[in-house]
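What you are looking at is a predicted structure, and each value in this text was computed from that prediction instead of being measured.
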Amino acid sequence: MDKNEKHSSQMSDEAVRLAKAFLSLSDLEECEAFFSDIFTVKEIDEISSRLEVARLLKAGENYIDIANKTGASTATISRVSKCLSGDRGGYRTVLERMSSESCRVGACEGEALTAEEESAIRAVIACFKARRK
């Protein structure tokens with residue numbers, strides 16, 4: 001059994017299938033389609049806010065500034081902080097990979113987004129803004 005087949009006893013079989021579903025997505029367009037099917041706008045906002053909180057914590061920002069920038073509660077910021085310093089390392093893994101690849105909206109590995117990638121990102125944003133109304 002390889003590391004992708006092993007899972008914590010804390011993860012249900014359904015959670016493992018969800019993780020494998022995420023791993024099966026190959027581009028932003030597929031992510032947008034799957035995310036819009038599986039998550040509500042509020043869930044996307046909450047999940048993306050947590051990742052931004054983790055990024056800001058790793059950058060050394062304080063709780064008050066993070067709360068003001070993201071709208072996250074101090075309880076959420078505290079939980080994310082505990083996860084960042086905990087043994088599991090999920091946030092750390094993602095943030096390190098994003099940093100090492102210089103991935104951010106606008107560039108990845110120092111290259112500009114392709115027109116297709118930019119269009120997919122804009123479609124995701126438009127989709128979620130439209131669903132808010």
Side-chain angles (χ1 to χ4, degrees):
M1 183 181 290
D2 73 19
K3 73 176 187 175
N4 290 331
E5 292 178 20
K6 293 179 186 176
H7 65 276
S8 164
S9 60
Q10 295 176 342
M11 284 185 67
S12 67
D13 289 343
E14 291 83 4
V16 171
R17 278 192 288 280
L18 177 61
K20 287 181 179 183
F22 285 133
L23 292 171
S24 76
L25 300 170
S26 62
D27 59 32
L28 288 171
E29 188 175 340
E30 288 181 2
C31 288
E32 186 271 333
F34 187 58
F35 285 10
S36 67
D37 285 349
I38 197 166
F39 295 119
T40 65
V41 173
K42 184 176 180 182
E43 290 167 334
I44 288 289
D45 286 345
E46 290 170 356
I47 293 166
S48 58
S49 176
R50 288 179 194 153
L51 182 58
E52 180 63 4
V53 166
R55 187 187 71 76
L56 293 170
L57 283 167
K58 188 171 187 243
E61 298 266 350
N62 67 55
Y63 279 33
I64 300 299
D65 289 342
I66 293 170
N68 289 334
K69 288 178 181 178
T70 65
S73 69
T74 54
T76 295
I77 297 167
S78 178
R79 182 181 186 288
V80 171
S81 179
K82 287 177 186 173
C83 291
L84 270 173
S85 61
D87 293 337
R88 302 285 299 209
Y91 282 118
R92 286 190 311 275
T93 298
V94 168
L95 292 171
E96 286 168 10
R97 288 182 184 163
M98 290 174 72
S99 176
S100 69
E101 295 174 5
S102 302
C103 287
R104 63 192 182 283
V105 175
C108 188
E109 297 179 19
E111 298 176 13
L113 292 172
T114 66
E116 182 179 299
E117 290 168 331
E118 185 174 346
S119 176
I121 290 170
R122 292 185 189 284
V124 170
I125 293 167
C127 174
F128 289 112
K129 283 183 177 178
R131 290 177 66 189
R132 283 186 178 163
K133 296 178 181 181

Listed partners of Ala15 passing side-chain contact (heavy atoms from CB on, under 4.5 Å), at least two apart:
Met11, Ser12
Distance col, row Cys31:SG vs Ile38:CD1, nearest 0.5 angstrom, shows 11.5 Å
Leu57 side, atom CG; Ser81 side, atom OG - distance, nearest 0.5 Å:
5.0 Å
Spacing of Phe35 atom CZ and Ile44 atom CD1 [to the nearest 0.5 Å]
5.5 Å
Sequence neighbours left out, what passes side-chain contact (heavy atoms from CB on, under 4.5 Å) with Glu46? Give chain and number order.
Lys42
Residues in side chain to side chain donor-acceptor pair (under 3.5 Å) contact with Thr93, at least two apart in sequence or another chain:
none
From Asp87 atom CG to Arg92 atom CZ, the distance as rounded to the nearest 0.5 Å
7.5 Å
If you look at every heavy atom in Leu84 and Ala54, which pair is closest and at what distance?
CD1-O, 3.6 Å
Contacts of Arg79 meeting side-chain contact (heavy atoms from CB on, under 4.5 Å) (sequence neighbours excluded), chain-then-number -> Cys83
Results of salt bridge (charged side-chain N to carboxylate O under 4.0 Å, His left out) for Arg55 - residues two or more places apart only:
Glu52
For Phe34, check ring-ring contact (aromatic ring centres under 6.0 Å, His included) against everything at least two apart and list the hits.
Phe22
Could you work out, with side chain to side chain donor-acceptor pair (under 3.5 Å) as the rule, every residue matching Ser73, not counting sequence neighbours?
Thr76
Give every donor-acceptor pair under 3.5 Å between a side-chain atom in residues 62-70 and any protein atom, sequence neighbours left out.
from, atom 1, to, atom 2, distance (Å)
Asn62, OD1, Ile64, N, 3.1
Asn62, OD1, Asp65, N, 2.8
Asn62, ND2, Asp65, OD2, 3.2
Asn68, ND2, Ile64, O, 3.3
Lys69, NZ, Glu61, OE1, 3.1
Lys69, NZ, Glu61, OE2, 2.9
Thr70, OG1, Ile66, O, 2.7
Thr70, OG1, Ala72, N, 3.1

Could you check whether any side-chain heavy atom of Tyr91 comes within less than 4.5 Å of a side-chain heavy atom of Arg50, counting everything from C-beta outward?
yes
